[in-house]
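Counting begins at 1 with the first residue of the sequence.
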Amino acid sequence: MALTSEGTAKIIGTLTSAFDSKNVPAKFTFATTADAFASGTAIDQADLAWWDTARNLAATSETHDLAGSLTDPFGATITMARVKGLYIKNNSTTVGETLKIGGGSNPFLLFDNASDIYELGPNGVFFIWEPSAAALPVTASTGDLLKIDSGAATFTYDIAIIGASA
């Protein structure tokens, strides 16, 4: 089995202000060029992928085991040693319906320590693209669980994880 994948991030804006009786725009663009991964486990390579859309969280949390419980579309069990790309989108548009990403027991460390949690607001997107060979390490049994918590609300989210088996 072979995997090819690509990540792109972009923010574009225009700030307009009145100046000498005219609206003057100040435009900005920050964008990565599309970075592609070939199939493999070295720098700029990945060989595992898992994704799902409209995952329903009914006022609860769920934990994704990155080292042994996810399965690909062909039914093969995925055991990630490194995460190279992570995309999470909160599909709620209701104020206050946030996704808490991270924390929990045996957490996959997205941040500096196990108690760090990112709160993703309504219609928000959390995106990490790490092409290095080291990427974000997954440690089976002690650092492999990605917790997603909706608190007391019921709504859906989308998730995609690109990783390497070694």
### Query
Which pairs pass salt bridge (charged side-chain N to carboxylate O under 4.0 Å, His left out) with one or both residues in residues 59-73, sequence neighbours excluded?
Arg55-Glu62

#### Entry: Note, Thr32 side chain near Thr8 side chain (heavy atom, < 4.5 Å)
yes

### Message
Run the side chain to side chain donor-acceptor pair (under 3.5 Å) test against Asn91 and tell me which residues pass, sequence neighbours left out.
### Response
Thr156, Asp158

### Query
Which residues satisfy the side chain to side chain donor-acceptor pair (under 3.5 Å) test with Glu130, sequence neighbours excluded?
Ser132

#### Entry: Heavy-atom pair of closest approach, residues Ser39 and Ala2
OG-CA, 3.5 Å

### Least distance between heavy atoms, Ala46 atom then Gly163 atom
CB-O, 3.3 Å

### Task
Measure the CD1-CD1 distance between Ile161 and Ile78 for me, rounded to the nearest 0.5 Å.
8.0 Å

### Query
Does Ser115 have any side chain to side chain donor-acceptor pair (under 3.5 Å) partners at least two apart in sequence or in another chain, and if so, which?
Asn113

### Query
Just by modelled atom types, is the Gly124 backbone N or O under 3.5 Å from a matching donor or acceptor in the Asn90 side chain?
no

### Query
Which heavy-atom pair separates Pro73 from Trp51 by the least distance, and what is that distance?
CG-CH2, 3.4 Å

Just list the side-chain donor-acceptor pairs under 3.5 Å for residues 12-30, sequence neighbours left out, or say none.
none

#### Entry: For Val125, the rest of its hydrophobic cluster, which grows through side-chain links under 4.5 angstrom
Leu3, Phe37, Tyr87, Phe127, Trp129, Ile162

## Note on the structure
Sorted by chain and number, sequence neighbours left out, ring-ring contact (aromatic ring centres under 6.0 Å, His included) with Tyr118 holds for Phe126

### Message
I need the full list of side-chain hydrogen bond (donor to acceptor under 3.5 Å, both in side chains) pairs touching residues 96-111, with sequence neighbours left out, sorted by first then second residue.
### Response
Ser92-Glu97

### Message
With a 3.5 Å distance limit and no angle check, can you tell me whether Arg82 reaches the backbone of Ala134 through a side-chain donor-acceptor pair?
### Response
yes

### Task
Decide yes or no for Asp47 and Met1: does some side-chain heavy atom of the first lie under 4.5 Å from some side-chain heavy atom of the second?
no

### Message
Between Ile101 and Ile148, is there a side-chain heavy-atom distance shorter than 4.5 Å?
### Response
yes

### Message
How long is the straight-line distance from CG of Leu70 back to CG of Leu48, given to the nearest 0.5 Å?
### Response
10.0 Å

## Note on the structure
Nearest heavy-atom contact between Pro107 and Ala114 is CG-CB, 3.4 Å

### Task
Not counting sequence neighbours, list each pair that qualifies as a ring pair (Phe, Tyr, Trp, His ring centres under 6.0 Å) and has a residue in residues 137-166.
none

### Query
Under a 4.5 Å cut-off applied to non-hydrogen side-chain atoms, are Leu57 and Thr154 in contact?
no

#### Entry: Note, Ser165 side chain near Thr41 side chain (heavy atom, < 4.5 Å)
yes

### Query
Any idea which heavy atoms bring Lys84 and Ala42 closest together, and the distance?
NZ-O, 2.8 Å

#### Entry: Pairwise side-chain contact, Pro122 with Thr94, heavy-atom cut-off 4.5 Å (strictly under)
no

### Task
Using the ring pair (Phe, Tyr, Trp, His ring centres under 6.0 Å) rule, collect all pairs that involve residues 61-83, keeping only residues at least two apart or in two chains.
Trp50-His64

### Task
Mind checking side chain to side chain donor-acceptor pair (under 3.5 Å) for Gln45 and listing every partner two or more places apart, or none if nothing turns up?
none

### Summary
Between Leu99 and the options Ile88, Ile117, Ile159, the side chain to side chain contact (heavy atoms under 4.5 Å, CB included) test singles out Ile88

### Message
With rounding to the nearest 0.5 angstrom, report the CG to OG distance, Leu120 to Ser150.
### Response
12.5 Å

Which pairs would a plain distance check flag for residues 138-147, meaning a side-chain donor or acceptor within less than 3.5 Å of a matching protein atom at least two apart in sequence or in another chain?
{"residue": "Asp144", "atom": "OD2", "partner": "Ser141", "partner atom": "N", "Å": "3.2"}

### Task
With rounding to the nearest 0.5 Å, note down the distance linking CG in Leu110 to CG in Asp116.
9.5 Å

### Message
Please give me the minimum heavy-atom distance between Ala31 and Lys10, naming the atom from each residue.
### Response
CB-CG, 3.8 Å

